[in-house]
Amino acid sequence: MKYDEIMVRYGELSTKGRNKKSFIDRLGSNVRKALHQYDKVKIHPNQDRLHVELNGTDAEPVMKRLKQVFGIQNFSPSLRVEKDFDEVVKAAIAMFKEQVQGPMTFKVETKRADHKFAMGTFEMNKQLGGALLRAFPDDLSVDVHNPDITLRVEIRLNGIYLTSAKILGAGGLPVGTAGKGMMMLSGGIDSPVAAYLALKRGVSLEMVHFYSPPYTSEQALAKAKELTSKLAKYSGSIKFIQVPFTEIQETVKEKVPEGYLMTVQRRLMLRLACALAQKRAGLAVFNGESLGQVASQTMESMLAIEDVTTMPVLRPVLTYDKNEIIKIAEEIDTYDLSILPYEDCCTVFTPPSPKTKPNLKRARSYEARLDVEGLMQRALDGIQIDEIHAGDEFLNQNQDVFAELL
Ligand code: ATP
Ligand code: MG
């Protein structure tokens with residue numbers, strides 16, 4: 001079927017009252033970004049719906065992209081015909097040929113924006129319904145309360161639009177409407193899922209990744225970047241900030257007792273993420289912690305680590321079981337990357353038995369053995385920022401990486 005337009009229905013944002021306009025504008029620009037490669041496509045974000053005018057572009061790939069844009073409840077490809085009843089019937093039959101498989105119920109629902117059009121809505125429903133019943137005598141019957149297919153007919157000034165399929169969108173809120181957050185992104189399974197969930201609630205993210213050469217490899221860094229590229233398809237391009245962490249880890253290892261290595265190290269990570277947020281207009285720090293999953297993710301640990309800041313530290317997967325996180329990771333296509341076995345900076349320096357219930361006062365006093373300001377300043381001086389786009393590849397450029405794994 002050659003569609004002319006995709007009609008997009010807003011999700012939760014339709015309830016946002018005064019903010020509605022900025023939500024719609026943001027969604028419009030996010031959709032425009034997501035579809036920028038289709039140069040004939042035009043986007044019209046209106047009050048009640050957003051219209052994607054295809055102008056000859058194939059609807060399939062466009063709809064595939066739309067499914068990844070947050071803030072869309074559902075959408076329907078539609079067909080435009082001349083304002084002539086016989087044309088409407090012809091098009092409706094062609095549409096139903098693709099959708100009717102065996103006995104099904106339907107109804108016709110007409111809206112008329114052009115009141116000059118000769119047929120009223122009631123008459124259109126009745127006449128078109130009758131024509132469809134005659135065209136599919138064995139399979140179709142009418143059910144106005146709970147039909148399998150609802151054929152929507154919109155009589156507008158520039159033509160009549162027919163829509164029947166309703167395709168589920170990604171839900172959530174348009175990325176950018178909630179403000180900016182700093183996402184602590186490792187190469188693991190959890191933080192990419194946390195990032196996805198934050199994006200889904202309208203947060204625009206910048207990734208903060210700590211790396212520790214030569215203890216961590218180039219591949220570990222490339223993996224975190226490639227995970228970012230997977231997430232960029234939900235958000236548009238994402239800034240990736242790599243923060244050198246070697247000096248901090250070596251110093252912590254030298255000066256802090258083994259049981260507190262992890263806690264102090266995490267305090268420094270959080271300090272740096274917050275410092276970056278402050279510099280770059282971030283409102284919160286996000287991470288991939290899940291309560292009780294490992295030693296650093298107990299409430300005692302969170303208390304001893306979060307002590308370094310008053311900024312909100314948000315944990316989208318806090319209450320998720322590992323299985324639930326893995327399921328989302330598979331759905332968003334980050335899982336296979338996340339399980340590639342490149343050592344993360346935390347894995348390298350994790351002591352065999354970190355404290356699951358660190359004491360806040362001790363954590364503070366061990367940290368006080370370090371030149372926190374100097375260490376932080378040098379790490380911040382060494383950051384590198386890259387803009388990563390959906391589909392950018394970092395691991396594949398180096399075929400040896402995969403050879404190594406075989
Ligand atoms: P993940 O699967 O996200 O790595 P995890 O279960 O392995 O999580 P940890 O390694 O303890 O748990 O990390 C907890 C959180 O700390 C991560 O979800 C991430 O937000 C942050 N984090 C850990 N390592 C890094 C890193 N190298 N760079 C940035 N953030 C990190
Ligand atoms: Mg990890």
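We count ligands from 1, going down the list as the structure has it; atoms in each ligand are counted the same way.
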If the threshold is 4.0 Å, N to carboxylate O, is there a salt bridge linking [X] and [Y]?
X      : Y      : result
Glu5   : Arg80  : no
Lys327 : Glu331 : yes
Lys90  : Glu87  : yes

Numbered atoms of ligand 1 (with element) below 4.0 Å of [X], judged on heavy atoms:
X      : answer
Val208 : 29 (C)
Ile189 : 2 (O)
Gly188 : 1 (P), 2 (O), 4 (O)
Asn287 : 20 (O)
Asp190 : 1 (P), 2 (O), 3 (O), 5 (P), 6 (O), 8 (O)

side-chain contact (heavy atoms from CB on, under 4.5 Å) evaluation trace for Leu35 with Ile43: CA-CA 9 Å; Leu35 300 178; Ile43 320 288; 3.9 Å; yes

Please indicate whether any nitrogen or oxygen in [X] is less than 3.5 Å from any nitrogen or oxygen in ligand 1.
X      : value
Arg266 : yes
Pro192 : no
Met269 : no
Met184 : yes
Gly187 : no

Centroid-centroid under 6.0 Å between Phe23 and Tyr10 rings: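 For Phe23 and Tyr10, the ring centres are not under 6.0 Å apart.
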
Contact summary for Thr246 and Pro213, nearest pair of heavy atoms: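 For Thr246 and Pro213, the tightest heavy-atom pair comes out as OG1-O, 2.7 Å.
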
Parallel, tilted or perpendicular: rings of Phe96 and Phe106 (30°, 60°):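 Because their plane-to-plane angle is over 60°, the rings of Phe106 and Phe96 count as perpendicular.
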
